[in-house]
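Heavy-atom basis, side chains included; hydrogens, waters and symmetry copies ignored.
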Amino acid sequence: MEKETACHRLQISESNTRIQKNSEQVQEDQKEEEEQEEEEEEEISLNLVGIIAMAESILFNVAASLVTKLGSPAITEFQLFWSFHDDLDKLKQTILAMEAVLHDAEKQQSNSHAVKNWISRVKEAFYDVDDLIDEYTYETLRLQVMADGKRWTKEVRKVFSLPRQIEFRFQMSHKIKDIREKLKAIDDDKNQFHLSECMINTRDDELRKRRETSSFICDDDVVGRDGDKKAIIDYLLNTYPNVKENVAVIAIVGMGGLGKTALAQSVYNNEGIRKHFELTLWVCISDDFDVKVIVEKILESATKHKSEILQMDLLQSELRKNIDGKKYLLIMDDVWNEDYEKWVTLKRLLMGGASGSRILITTRHRRVAETFDTTSYYALGELDDKNAWLLFKKMAFGGEEPKKELVDIGKEIVVKLKGLPLAIRTIGRLLYAKKPEHHLWSTFKENELSRVLEQREETQFMLSILELSYNHLPSNLKQCFLYCALFPKDYDIQKDEVIRQWMAHGFVQSTGTIKPNDIGEDYFMELLSRSFFQDVTRNEMGIIIYCKMHDLIHDLACSIVEDEYVSMDVKDKLVTERTRHILILKEFGIKLESLKLLFKAKNLKTLIIDAVNEDCQKVVNLISTQFLCLRTLKVEFCYTNTSKVLPSSIGKLKHLRYLRICQRKLEFLPNSITKLYNLEILILDWCECLQELPRDAKNWMKLRYLSLDRNVNIKFLPDSIAALHNLETLILDGCQCLQELPRDAKNWKKLRYLSLVGNKNIKFLPDSIGALHNLETLILDGCQCLQELPREAKNWMKLRYLSLVRNENIKFLPDFIAALHNLETLILQDCSELRELPKDIKKCVNLKHLNLSGCTNLTHMPKGLGELTSLQTMNLFVLKKDIGCDLSELNRLDKLEGSLTIEGLEVCTFDVLEKSLPLKLGVQELELVWNYSEDQDMNIVLDNECKGGFKWLQPHSNLRTIDICGYPEVRLCDWLSSNTFVHLVSIRLSYCFKLQALPQFDQFPFLKYLTLQSLPNIEYIDNNEYPSSSMFFPSLEELSIVEMLNLKGWWKGETSLESSPNNASFPIAMSRLCKLEIDACPHLASFPWHALLKSLSLHAISSQLLNVVFERTANHCVEECFSTFVSFDKIDDLEFLPEGFFYHFTNLEDLEIKDCKNLQMSSALVQHPINSLVQHPINDVLWKEFRSLRLLYLEAIPKLEYLPNGMQHVTTLERISIISCPNLITLPEWIGDFTSLLDLMIMECPKLTSLPERIHHLPSLQDLHIRDCPKLKERYEREKGEDWPKISHIPYVSIR
């Protein structure tokens, strides 16, 4: 092989010699011209000392990047091979000369339109240089790929041939000449600007050090707005007798930067508001008031997914289904519309909400509020001096105590900021980034801030403040910030995605050993801390996923970039030759005609399409032939019938760094895609039909990020993918058919992140995976066939995150886990067969998070676990007699928080408990479990051994949730009281077979959730006599009582007289109760008064209790709940539905009745509150009360012969299921009036002979399921039954 390589090198050398000799004449012909150009170049080099000083400081960063690229190994190799050394060296020297004056430019460009235009020309010239360098790099990579491939074919020989070399050099020479001429033209105009030299030196490592000095991150809490918040909530909850419509409109009015959106968000997330309104919706409107787009956004907020509906009439119908009859709150943020007709068009669609619905808008102008027929509006004012200072102090000092001299200056600055929260945040964070020195702050206040304060107009004042903060950004951060102008207002910017796009454009460069992604993360966090980003969304680990930009910040970015960045959402935007970045959203749509509007942007560098298109093949082909300078291309056609193959022209995008393709029907990638030698990021998510990757994937030598998420048909990865030695991230989530990884994975020496979530067919990882010494994150969730990890993985010394969720075949972890000293997170959730942890896991001294929930077969915890003093979360601790560690080691884990379950407490004797405890745990949720065997004698022995030991288990007073399971004593310990746990929110007691008395639950004022299960010795919830207090459970929201076989009542002294619903003095015990479950409590006969319920489940109880529950429903409680679900099951003595059921559940959506063998639903009788049966001609009226019922489920009701006649009024039904009703003989014709019915299921109804004739009148019916109904099967059998034509129009019919 060495001989062959030497031969190849010799051929290259000989080829170069031939080129040199045969091109001498060409060079001599050009010599005179080049000498003249050299003189011009020297003149330019001298004169351009001041050129770029007028440019934005961003150009300094661009120039530095160009100089770095011109000195890169790839360019050096290119110079040697192509004999371009002199040309590129001159270009480099020119840029170095320009670099010296860049910083002065921004001081003049804001005051002169001519300078601004001149700067634009400089920027265009730099873009051209960058593209030229890129072509050189690409050509070098191409030759390297061919040489490394040892494929000396005819095509390769052609590349190295003399004509090809001369042609390429000729082309490049002309491009260099064009750039020189452009620079000379710029030089001719620059002298009039009188620029001066000034060097700056912003280093990424300094930024990183500054970020490490404080963990403070600007959060989004609202400071100083408590009074405003209360006023807005009062507006929303008030009744307006003069408003005839169900929906009232409220407006928050105030200038930009006052915090209208933040205040509205605070109101929107208020717990009381969430409970009061059945549905809460949020949409951002901004400049374009397009009714169709707004309806789409409202639907997305209601359903939590993007609508695929295109037609407006269908959108209207879907909107009404989601909001009609519901009490909703709709917040429309940042409204500018003053066109009354547009508002009326939208208003008509929103008026179907239930009485009390509200629309809250935020706007800068009172005229807008008047346009929207507001019932009232709230004028938001500035912060008072006290709260303005509190906010500034928080922003500027990061929670640290400030120096007195800085406090004095700070208060002077705050006074000048006019109480505007955004201005205070922005300036505060700007000063936080400076050194905390008196003279620096004083200079800033007297000079820069004073100039801004000269602005009198409010909006201009705020923009000037933001621009001041922008001017203080380092140039690299400016580039990253301005790139976000590409996204529209209120856009959810995905953090990791935007960082990758920054990297693709060279805004983020690696520094030493620090990776670009880490630097990009620092950039993002710095912009966040300076308030350029806000409204962050985090995942369950607290990691930021999304963020947004304030609308004024967005305005600033757009004003700077002008037409260089264009976002197309609803309307066409101006595209010019200067346009370099374009985003096309779904609202705009994408057609071939609209793409042609972009042709002016011939040097486009970013194109992101997230839109619906029926012919993406032509769209992608057009992109890859017209926009050849693209560096970022993102095309998502998830919701369309996309083509099966990408066009081969995709390989022409030689500058491409970032490629994201999402096409569900895509089956193959052309091999030409492997000619994208500059590609760094490749994302092929949701390409569900993709069969394989190209065999020449190794050509992607610069690839760092590869994602194949949800590519369910890929079985194997090409062997060549193992050659991607720059790969840092590999995501193969959801590749369910993937059999194995490449065996030779050791070449992935830079791999840091590997994820294989949901790969069900992978049984083993190759041993070479164990050699990945830079691996930091390994996620193997749901790899259900995975039997073990590599046995040798000691090289994973940098591994910090290891997740093995739902790997049910793993019984033991390899011992090398204990050697992973940098491991911080180990997630073993639902590894149900896992027996034990590595015995030396105590050596993982940096472990912070250990998730063992669902590890049901874990036998014990290894000794020494208490040495893991960095542990912050550990949700399971298992005890076993004479094996592993004991409870005493828990007390060493003083950083533990979150939830913890302690299992196996039955092995703890009194002596052990007394020695090891009391517990000092700071967890907020604690579950204590005693496991019993069926051997009752053993239970008695255990009881005697640990009797009285419970008092030693007292947890921290901050406890919020307590769960006690299998407790072996007769009475709970005294520490379970409000004196100990003031803020207890949830209590669960279960399987405590000897427990005879319950704690006094009403002593916990914040108790929201109470569960009592399998407590056979409990007869009353409260052993006291009948109470006199008016409110016993002020916070209780959910109550579950299950398998309490001997429970008789709530209060021991309650009498039948007091249980009468006519007793007006009877106390309301549960004014906030929303969810009630009572199951298998056959003797329970009473229940306290309670609020209207949102969810009710009554199973295996008496009909007497059912009646009491309805009778004791209060209509005047503090919070109103909307009933969404009711279930009756196994109530054997229930004969008729209670009248109270209809009156108290008027907003019911889901009704389930099962296994009620005596229920006579077909009868016109109902149960009257005074326990008498009434012949009910008004039965129809009762069913009519169900104004929102959507789902009806009837199962095992033997006395059901036909549906109640009153049901004909429930036309909101969408799904009806009738199962195991052996005596049902007919379905009524009025079912044909159920125009909303989508799904009809009939099973095991043998006497039912036919469907209603009017079934063909059901326009919405999509699914008809018939099972085990022999007469129906015979009559409606597909293509054969006599009545098949009557149902053949239904899209999906299943008859068995």
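Looking only at distances, no side-chain donor or acceptor of Ser1294 sits under 3.5 Å from a matching main-chain atom of His1265. Counting only distance, with no hydrogens or angles, the side chain of Thr1146 and the backbone of Phe1142 share no donor-acceptor pair below 3.5 Å. Without hydrogens or angle criteria, Asn1223 side chain to Pro1198 main chain gives a donor-acceptor distance under 3.5 Å. Put simply, the side chain of Gln784 never gets that close to the backbone of Glu808: no donor and acceptor are under 3.5 Å apart. A donor-acceptor contact shorter than 3.5 Å is absent between the side chain of Asp1155 and the backbone of Asp1129. The backbone N or O of Ser1040 lies less than 3.5 Å from no partner atom in the side chain of Thr1011, so there is not a single donor-acceptor pair. In this structure, the side chain of Ser357 engages the main chain of Lys326 through a donor-acceptor pair within 3.5 Å. At least one donor-acceptor pair closer than 3.5 Å links the side chain of Asp1133 to the backbone N or O of Ser1103. A donor-acceptor contact shorter than 3.5 Å links the side chain of Ser301 to the backbone of Trp282. A donor-acceptor pair under 3.5 Å is formed between the side chain of Asp290 and the backbone N or O of Val293.
Here the closest non-hydrogen pair linking Cys687 and Cys662 is SG-CA, 4.3 Å. Minimum heavy-atom separation, Pro1291 to Leu1261: CD-O, 3.5 Å. Minimum interatomic distance between Glu1244 and Ser1220 (heavy atoms only, all atoms of both residues): OE1-OG, 2.5 Å. The two atoms that bring Thr1235 and Ser1260 nearest to each other are O-OG, 2.7 Å, heavy atoms only. Residues Leu349 and Met312 share a closest heavy-atom pair of CD1-CE, 4.0 Å. Heavy-atom minimum distance, Leu1092 versus His1144: CD2-O, 3.6 Å.
Applying the salt bridge (Lys or Arg N to Asp or Glu O under 4.0 Å) test to Arg320 and every residue at least two apart in sequence or in another chain returns nothing. Applying the ring-ring contact (aromatic ring centres under 6.0 Å, His included) rule to Phe1110 yields the partners Phe1141, Phe1145; only residues at least two apart in sequence or on another chain are considered. Here His1256 pairs with nothing under the ring-ring contact (aromatic ring centres under 6.0 Å, His included) rule; sequence neighbours left out. Legend: residues meeting side-chain hydrogen bond (donor to acceptor under 3.5 Å, both in side chains) with Gln1262, ordered by chain and number and at least two apart, are absent. Residues forming a ring-ring contact (aromatic ring centres under 6.0 Å, His included) with Tyr328 (at least two apart in sequence, or on another chain): none. Residues passing the side chain to side chain contact (heavy atoms under 4.5 Å, CB included) test with Asp733 are Asp709, Arg710, Ile731, Ser755, Val757, sequence neighbours excluded. Listed by chain and number, the residues in a ring-ring contact (aromatic ring centres under 6.0 Å, His included) with Phe1234 are Trp1230 (sequence neighbours excluded). Gln1104 meets the side chain to side chain contact (heavy atoms under 4.5 Å, CB included) test with Ala1085, Ser1102; sequence neighbours excluded.
Residue pairs meeting the salt bridge (Lys or Arg N to Asp or Glu O under 4.0 Å) criterion with at least one partner in residues 1202-1226, sequence neighbours excluded, are Arg1190-Glu1214. Pairs engaging residues 1073-1082 under the salt bridge (Lys or Arg N to Asp or Glu O under 4.0 Å) rule: none recorded [sequence neighbours left out]. Among residues at least two apart or in separate chains, there is no salt bridge (Lys or Arg N to Asp or Glu O under 4.0 Å) pair with a member in residues 1192-1210.
Other residues, nucleotides and ligands contribute at most 12 non-hydrogen atoms within 6.0 Å of the NZ atom of Lys1130.
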Output a table of donor-acceptor pairs, distance under 3.5 Å, between side-chain atoms of residues 1280-1287 and any protein atom two or more places apart or on a different chain; print 'none' if there are none.
from    : atom 1 : to      : atom 2 : distance (Å)
Asp1283 : OD2    : Arg1275 : NE     : 2.4
Asp1283 : OD2    : Arg1275 : NH2    : 3.1
Lys1286 : NZ     : Glu1253 : OE1    : 2.9
Lys1286 : NZ     : Glu1253 : OE2    : 2.7

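Two residues are said to be in side-chain contact when any heavy atoms from C-beta on lie closer than 4.5 Å; Val1293 and Ile1266 fail this criterion. Met1207 places a side-chain heavy atom less than 4.5 Å from the side chain of Leu1192. Put simply, the side chain of Leu1189 reaches to within 4.5 Å of the side chain of Leu1151, judged on heavy atoms. Two residues are said to be in side-chain contact when any heavy atoms from C-beta on lie closer than 4.5 Å; His1099 and Ser1097 meet this criterion. Here the side chains of Lys1273 and Cys1269 are not in contact, with every heavy-atom distance at 4.5 Å or above. The shortest distance between side-chain heavy atoms of Leu281 and Ile331 does not fall below 4.5 Å. Looking at heavy atoms from C-beta onward, Phe1128 lies out of side-chain contact with Glu1152 at the 4.5 angstrom threshold. Under the 4.5 Å side-chain criterion, counting only non-hydrogen atoms from C-beta, Val1126 is not in contact with Leu1093.
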Quiz item: Could you go step by step and tell me if Leu1096 and Phe1125 meet the side-chain contact (heavy atoms from CB on, under 4.5 Å) rule?
Solution: CA-CA 6 Å; Leu1096 174 64; Phe1125 176 76; over 6 Å; no

Exercise. Go through the steps for Leu1213 and Leu1191 under the test side-chain contact (heavy atoms from CB on, under 4.5 Å), then give the verdict.
Key: CA-CA 6 Å; Leu1213 277 169; Leu1191 190 151; 5.8 Å; no

Exercise. Could you go through the salt bridge (charged side-chain N to carboxylate O under 4.0 Å, His left out) check for Lys304 and Glu300 one step at a time?
Key: CA-CA 5 Å; Lys304 309 308 179 189; Glu300 183 177 345; over 6 Å; no

Quiz item: Step by step, would you call Thr345 with Arg348 a side-chain contact (heavy atoms from CB on, under 4.5 Å)?
Solution: CA-CA 6 Å; Thr345 301; Arg348 292 192 191 103; 4.2 Å; yes

Practice problem: Before giving the answer on side-chain contact (heavy atoms from CB on, under 4.5 Å), spell out for Leu1098 and Leu1105 the whole-Å C-alpha distance, their side-chain angles and the decisive distance to 0.1 Å. | Solution: CA-CA 9 Å; Leu1098 300 176; Leu1105 178 62; 5.5 Å; no

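Among Leu1084, Val1109, Ile1078, the one residue that satisfies the side chain to side chain contact (heavy atoms under 4.5 Å, CB included) test with Ile1101 is Ile1078. A side chain to side chain contact (heavy atoms under 4.5 Å, CB included) with Lys1157 holds for exactly one of Leu1134, Ile1197, Asp1132; it is Asp1132.
Atoms CD1 and CG, on Ile1290 and Leu1264 in that order, are 4.5 Å from each other to the nearest 0.5 Å. With values rounded to the nearest 0.5 angstrom, Asn713 atom CG is found 8.5 Å from Leu690 atom CG. Note that the CG atom of Asn711 and the CD atom of Glu692 stand 12.5 Å from one another [nearest 0.5 Å].
A salt bridge links Arg664 to Glu688: at least one charged side-chain nitrogen sits closer than 4.0 Å to a carboxylate oxygen.
Side chains of Asp1233 and Thr1211: no donor on one and acceptor on the other come within 3.5 Å.
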